[in-house]
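Reminder, nothing fancy here: chain letters follow the sequence lines and each chain counts from 1. The figures here come from the full heavy-atom set of this structure, side chains too, leaving out hydrogens, waters and symmetry mates.
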Protein chains: 2
Amino acid sequence: MVRFVHPSKDDITLSGLLEALADPLRLKILKTLIEQKGFLSCCQSAPCPKIAKSTLSNHFRILRESGLIRMSKKGVENHSVVRLEEINEKFPGLLKAILKHAD
Amino acid sequence: MVRFVHPSKDDITLSGLLEALADPLRLKILKTLIEQKGFLSCCQSAPCPKIAKSTLSNHFRILRESGLIRMSKKGVENHSVVRLEEINEKFPGLLKAILKHAD
DNA sequence: ACGGTAGTTCAATAATATAGAACTATTGAA
DNA sequence: TTCAATAGTTCTATATTATTGAACTACCGT
């Protein structure tokens with residue numbers, strides 16, 4: 001059983017968030033997760049068929065370790081959800097301001 | 001004579017800005033530049049005595065190439081100024097939202 | 001012309017990202 | 001319950017990027 005480690009809200013840092021969102025693919029993944037408002041699997045939320053799955057797995061790890069998403073194993077898939085409330089509490093307006101300009 | 005190349009406003013990208021700001025030192029430099037509202041030299045705007053000057057030079061190049069700052073040679077120094085108006089026109093609210101939470 | 005200051009460029013090394021291959025865990029069907 | 005397929009992780013090698021010291025350039029004041 002894979003047990004994912006997530007940072008607590010207090011451990012989420014601005015630099016961590018910016019670093020995670022600085023990659024165009026990760027930004028796109030996050031945008032997709034928010035727009036779909038669902039619990040998407042990694043492949044569903046990554047609009048990129050060409051990328052290696054090991055690379056994708058790494059991108060999700062970075063998103064998770066930055067505190068941006070919460071992942072849980074549901075059957076054979078990972079379901080990811082954006083930690084909107086927590087991030088908005090700690091950094092009000094930040095996500096909205098960034099995502100507003102994403103593609 | 002060093003002639004700096006700056007991207008035009010149209011060539012400034014969100015990912016470029018985020019990537020430049022994802023580094024804590026560069027974020028701090030930008031914050032310092034804005035707060036001082038002056039034309040600071042590299043050493044003045046970098047609150048970090050330990051870092052190698054070649055590294056610092058590289059950080060300023062990244063800030064410049066991302067479109068965040070404009071550099072000009074004044075005597076023996078470089079003077080840097082944040083391209084606030086242009087960035088605010090292209091990405092309204094972005095810089096403010098990020099800098100609000102910087103240290 | 002000379003020394004000092006501020007920065008750039010170069011070359012080597014350190015750190016990080018990517019991707020293929022092998023592995024694990026779960027599901028669904030024979 | 002065995003088998004194959006799916007969805008992802010981990011490992012290992014390679015490619016890219018960051019950091020640094022050293023050498024170099026440009027400018028200023030004397």
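- Checking C:dA30 for Watson-Crick or G-U wobble geometry (two distances, each under 3.5 Å) identifies D:dT1 as its partner.
- The closest donor-acceptor contact from the side chain of A:Ser57 to the backbone of A:Lys53 lies at 3.5 Å or more, if one exists at all.
- Between the C1' atom of D:dC27 and the CG atom of B:Asn78 lies a distance of 12 Å, rounded to the nearest Å.
- What separates NE2 of B:His79 from P of D:dC28 is a distance of 11 Å, to the nearest Å.
- For the pair B:Lys74 NZ and C:dG7 P, the computed distance is 13 Å after rounding to whole Å.
- Between the CD atom of B:Glu77 and the P atom of C:dT8 there is a distance of 12 Å, rounded to whole Å.
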Identify all pairs in which a protein N or O lies below 3.5 Å from an N or O of nucleotides 10-16 of chain D, and state each distance.
none

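- Between A:Leu95 and A:Leu30 there is a side-chain heavy-atom pair separated by less than 4.5 Å.
- At a threshold of 4.5 Å between non-hydrogen side-chain atoms, the residues A:Arg26 and A:Leu68 do not count as touching.
- Counting heavy atoms from C-beta on, the side chains of B:Pro7 and B:Arg83 come closer than 4.5 Å.
- The distance between atom CG of A:Asp23 and atom P of C:dA17, rounded to the nearest whole Å, is 9 Å.
- With C:dT8, D:dG21, C:dA25 as the choices, the nucleotide that has an atom nearest any side-chain atom of A:Val76 turns out to be C:dA25.
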Donor-acceptor list for residues 96-103 of chain A side chains, cut-off 3.5 Å, not counting sequence neighbours:
unit_1   : atom_1 : unit_2  : atom_2 : d
A:Lys100 : NZ     : B:Pro92 : O      : 3.3
A:His101 : ND1    : A:Ala97 : O      : 2.9
A:His101 : NE2    : B:Pro92 : O      : 3.4

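- With rounding to whole Å, B:Met71 atom CE is found 8 Å from C:dG7 atom P.
- Under 4.0 angstrom from either OP1 or OP2 of C:dA17 there lies no side-chain N or O belonging to A:His59.
- With rounding to whole Å, B:Phe60 atom CZ is found 11 Å from C:dG7 atom C1'.
- Between the C1' atom of C:dT16 and the CZ atom of A:Arg26 lies a distance of 11 Å, rounded to the nearest Å.
- A:Arg64 places a side-chain N or O within donor-acceptor distance of the main-chain N or O of A:Val5, the cut-off being under 3.5 Å.
- Atom CG of A:Leu63 is separated from atom CG of A:Asn58 by 10.0 Å, given to the nearest 0.5 angstrom.
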